[in-house]
Novice: 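Structure provided below as structure tokens; questions to follow.
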Amino acid sequence: MVEGVVAVAAVKKLYNSPNWIEKLPVLGVGIGFRKSLKKAILTHRKSIDFLEIIADQYIEPSLFQQMELRNLRRFFPLIPHSLGLSLASADSLNNSYLKEVASIVRAVQPPWWSDHISMTRTGPLDIGHLAPVPFTYEFVRVVQDNIREMKKTIATPLILENISYTHAFLNEISEGLFIKEIVERSDCGILLDLMNLYANSRNHGYNPYQFLEEIPLERVVQIHVIGGHLEHGLIVDSHSSATPAEVWNLLRFVAKRVQIKALLLEWDVQFPNFDIILNELSIAKEILNGIDAFTNG
Amino acid sequence: MESMPSQTAKLQELLASIYLSSDERNNYFGNPQESAQAYGLCSATLDQIGKTQRESIDFYAKSLKRKRFQEIAQFIPTTMRFWNTSLKANFDSYAEKCIPSGPKKHIADLISFSHYLTNQDQLPSEAKDYLKFELIPWDMNFTLNEKEYIYKSSGTRVRIVGAHRCNGWNFKMIFYRTGLSRLMRRSKMSSLGIYLKLPYLSKSLEWYLPFLRTGPAYSLEESN
């Protein structure tokens, strides 16, 4: 208990310092914890530096899940990743959901946690997944207000993920500028999902490197990489295949410019042989360490 | 003049409704101005979604349904293995009528979809039996050094496991479904437990299905 209080106090102190992102620990490369990968993850734990857990799966946890989290914590740093905070909802936060996420963050004591710049519900309607909002200053203010409220409950640093979207609106500003405004006004880090960026750039015809020039790269804490699939001419971020070359190239671009604290392979469905996952992790590690053939060639 | 935050909330309400309901989508793309009025949106706010293509919204709506279906499919793997196509077809019409919410929304979705299915005549009775079977919660009986621990699961836990014996430890775990344990008590076999392993699951089901069909051992309500 005392250990927990000390850890929370340390996190608060860190978050209040001006260059808190620089002071975050470097975790290395990890994967998303999925039940079907559990055995392989534990077998190959020396090749995996950290795990990301889906916070929503541990809401009102069963005895098994509490034990599972405790056991995983013995072997890996855990980063909670929530899906349903709906930070872009104009009708304020869902307090009971926020409290549940807070209790998971308290239990896991991570250096940071993450959610998305999106809405998942509005009023009584639960959309059930991440939905985009128009990139306007009004929505910057909505997200900013919600993060201010959220920080009253969770002191651990929040990093925000860019989402993929199949439909776009009439935007006031570019997506890069929208994210920049939100993270700078709210003093948050960025969880840069490079597959989402690649899919959006292909589906909506823009230059992903321009997006990377627009966002404050120094705020990038964590990266997501993975592959998707093509459906009706659109790239779908289905987390179901190996990372495409274009995404690795985006990672090289970012890794040359900032120190990435953590990189996560976000494989969710159609799991391959675990050797393929380990190979992806080793490619990522080489890029982060600046020793891959393409970076040096 | 209405405040901007209020318009933003209304815009999101309209967006959510067109994502979730094909009727709302038809109404909106049939006459955007009328839909906007119904949601109390001014034309300036409506302009933000004015040029969004119908196809891309349809694509997103379809992906929302597919994700919901995938979430519940993992809880009923055996039923899914045999009746995937008919369940998918039923889910499309069900998903329009029922939208779950809350932290355990996938469980709520599964339960209400099961209720929906029980009223569908086109679904074979075998499929309904399998579904009932998979919706019954697991019990776990855990024995360590002669002490017995009983873990009763809540909701619909569908963990396929085996019984384990570790050398040197007096350690035994038995997992079984409440409904089956009840059946066994009726047939005076409760001391046996059931050792389910994935490859044998189908066989176990085949053996028990006659009981499920003939005896009113439990109903879907009991598994909630």
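Below, chain A is the first sequence line, B the second, and so on; all start at residue 1. Being a predicted model, the structure only gives us computed values, none of them experimental.
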Novice: Can you tell which of Q70(B), H106(B), E55(B), K105(B) has the highest number of heavy-atom pairs within less than 4.5 Å of chain A?
Specialist: K105(B)
Novice: At a 4.5 Å cut-off on heavy atoms, which part of L83(A) comes close to chain B: side chain, backbone, both, or neither?
Specialist: neither
Novice: Among A88(A), G128(A), G84(A), which has the most heavy-atom pairs under 4.5 Å with chain B?
Specialist: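 Top option by heavy-atom pairs under 4.5 Å: A88(A).
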Novice: Measuring heavy-atom distances to chain B, does Y165(A) have an atom under 4.5 Å in its side chain, in its backbone, in both, or in neither?
Specialist: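 Contact with chain B: none, neither part.
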Novice: To check you understand the geometry: which heavy-atom pair defines the closest contact between L64(B) and I127(A), and what is its length?
Specialist: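 Heavy-atom minimum between the residues: CD1-CG2, 3.6 Å.
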Novice: Need one label for E60(A): side chain, backbone, both or neither, based on atoms under 4.5 Å from any heavy atom in chain B.
Specialist: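 Its backbone and side chain both get close to chain B.
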Novice: side-chain contact (heavy atoms from CB on, under 4.5 Å) with K62(B): which residues, sequence neighbours excluded?
Specialist: H232(A)
Novice: For chain B, which of P124(A), S89(A), S238(A), G123(A) has the most heavy-atom pairs under 4.5 Å?
Specialist: S89(A)
Novice: Side-chain contact, heavy-atom cut-off 4.5 Å: F169(A) with L11(B)?
Specialist: no
Novice: Picking from I59(A), L170(A), N171(A), which has the most non-hydrogen pairs under 4.5 angstrom with chain B?
Specialist: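 Answer, by heavy-atom pair count under 4.5 Å with chain B: L170(A).
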Novice: If I measure from the heavy atoms of chain B, does S96(A) come under 4.5 Å with its side chain, its backbone, both, or neither?
Specialist: neither
Novice: In terms of heavy-atom proximity below 4.5 Å to chain A, should S63(B) be classed as side chain, backbone, both, or neither?
Specialist: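 When you check distances to chain A, no heavy atom of S63(B) falls under 4.5 Å.
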Novice: Examine whether an atom of I49(B) lies under 4.5 Å from a heavy atom of chain A, and if so say whether it belongs to the side chain, the backbone or both; otherwise answer neither.
Specialist: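 Both backbone and side chain.
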Novice: Count the heavy-atom pairs under 4.5 Å between each of M119(A), E100(A), Q57(A) and chain B, then report the option with the highest count.
Specialist: M119(A)
Novice: Non-hydrogen atoms of chain B under 4.5 Å away: do they reach the side chain of A168(A), the backbone, both or neither?
Specialist: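 When you check distances to chain B, only backbone atoms of A168(A) fall under 4.5 Å.
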Novice: Non-hydrogen atoms of chain A under 4.5 Å away: do they reach the side chain of R66(B), the backbone, both or neither?
Specialist: side chain
Novice: Is any side-chain heavy atom of E231(A) closer than 4.5 Å to a side-chain heavy atom of F59(B)?
Specialist: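 Sidechains of F59(B) and E231(A): in contact.
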Novice: Is it the backbone or the side chain of Q12(B) that comes under 4.5 Å from a heavy atom of chain A, or both, or neither?
Specialist: both
Novice: If you count heavy-atom pairs under 4.5 Å between each of N94(A), D145(A), T166(A), V269(A) and chain B, which one has the most?
Specialist: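 Looking at each of N94(A), D145(A), T166(A), V269(A) in turn, T166(A) comes out on top.
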Novice: Taking all non-hydrogen atoms of both residues into account, name the closest pair between Y60(B) and H129(A) and its distance.
Specialist: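 Looking at all heavy atoms of both residues, the shortest contact is OH-O, 4.0 Å.
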Novice: Could you check if a side-chain atom of Q48(B) sits within less than 4.5 angstrom of a side-chain atom of F135(A), using non-hydrogen atoms only?
Specialist: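 No, every pair of side-chain atoms sits at 4.5 Å or beyond.
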Novice: Using a 4.5 Å cut-off on heavy atoms from C-beta on, say whether the side chain of Y19(B) contacts that of L125(A).
Specialist: no
Novice: Return the option, out of L15(B), I99(B), D109(B), with the maximum number of heavy-atom pairs under 4.5 Å with chain A.
Specialist: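 Looking at each option in turn, the highest pair count goes to L15(B).
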Novice: For a quick test of reading the model, state the closest non-hydrogen atom pair linking T8(B) to A90(A) and the distance between them.
Specialist: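 That closest heavy-atom pairing would be CG2-CB, 3.9 Å.
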